[in-house]
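Numbering of ligands and ligand atoms starts at 1, following listing order.
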Amino acid sequence: MKVDLLQMVESGGCSAKISPGQLEEILKNLPLPEDPNILVGIDTHDDAGVYKVNDDLALVLTTDFFPPVCSDPYEFGQIAAANSISDIYAMGGTPVIALNIMMFPASKLPMEAYAAILKGGYEMASEAGVRIIGGHTIDDTPPKYGLAVVGYIHPDKIITNAGARPGETLILTKPVGTGIILAGQRLKMADEKDVKEALKLMKILNKTGADVMKEFNIKGATDITGFGLAGHALKMARASNVSITLKMRQIPLIGNAYRIIDEGCIPGAAFRNLDFAGQETYFSGDLDYNLKMIAFDAQTSGGLLMSVPQGKVDAVLNELHQRGLSDSTVIGSVTAKCDKFLYIEN
Ligand code: CO
Ligand code: CO
Ligand code: CO
């Protein structure tokens, strides 16, 4: 029996996240744990938590899981794992061990599909050098999969979303548009080639980008996932207390993402993200509406957004290109905090 996981979901991948606004509302009433060893906690909404073990070692912890983004169970496992591990890379950490998190409808799908999802996850984890040493399953529809990941980092070498400084330049390592392409696939508005391209990009580990960040001693970064490029840029601006300007025409897009959104296919998650960030964002008067919505498109397993000091920009870009991240490009800049945290221009 050929399984099509997309038959079981309305919105898959990071598009299925709770809206960032609702999440902040809930988190703000939670008491924050107090412990001097918490180097990165919930308060800065960073990609992962960091806990100091001793002067030379801290642990980086994160978890991500979501409903299917594609039809094939094996490929879904690969993408979910790459996405989960990404948050460790975004902090500059080295991912080491992980646990499987699985929700699977045992009465609705053959067990082979379960095995294929885990196998995809296992192989992506192996590529990242991560050992999966356990997990947990709940019988649930639709299926959901991801990892809880632990990484190592030196306590002085943490890359955070609070590390962006005025005068720096923003580099993005993957094109944007996975949410639009996947929604377009559902409505038969995206062609096969674009879907293939999106799937390929989601399977690329952010390891290479993280290696380059470490090599160039980058301090500020995040990865682009469910809140979209603008949502994560806003979180970075807030945590760093700076303003960020995004130049939308410079952002590389996957295939026909622009055409698809122009024809009216705007994923619901993009409106949710816009709703969250709108108050703290200045949109230039001539901003192209399609580009505006692209800024808020929820990405699954998106690229790294790194804040690079002026003198290093060319060398970092060159290195990213050399190592195969050929879409890496400058997409904006960081300034001292102005009226708004985020500025979006054509
Ligand atoms: Co993240
Ligand atoms: Co995450
Ligand atoms: Co258990």
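Not one N, O or S atom of Asp46 sits under 2.8 Å from the Co ion (ligand 1). The Co ion (ligand 1) has no N, O or S atom of Asp64 inside 2.8 Å of it.
The shortest side-chain heavy-atom distance between Asp223 and Tyr89 does not fall under the 4.5 Å cut-off.
No other N/O/S atom of Asp47 lies as close to the Co ion (ligand 1) as OD1 does. Within Asp223, OD1 is the N, O or S atom that lies nearest to the Co ion (ligand 1). For Asp87, the N, O or S atom with the smallest separation from the Co ion (ligand 2) is OD2.
Formation of a donor-acceptor pair under 3.5 Å by the Gln250 side chain with backbone atoms of Thr329 is not found in this model. For the pair Lys337 (side chain) and Asp339 (backbone), a donor-acceptor distance under 3.5 Å is present.
Once rounded to the nearest 0.5 Å, the distance linking CE of Met236 with OG1 of Thr160 reads 8.0 Å.
Under a 4.0 Å N-O distance rule, the pair Lys235/Glu24 qualifies as a salt bridge.
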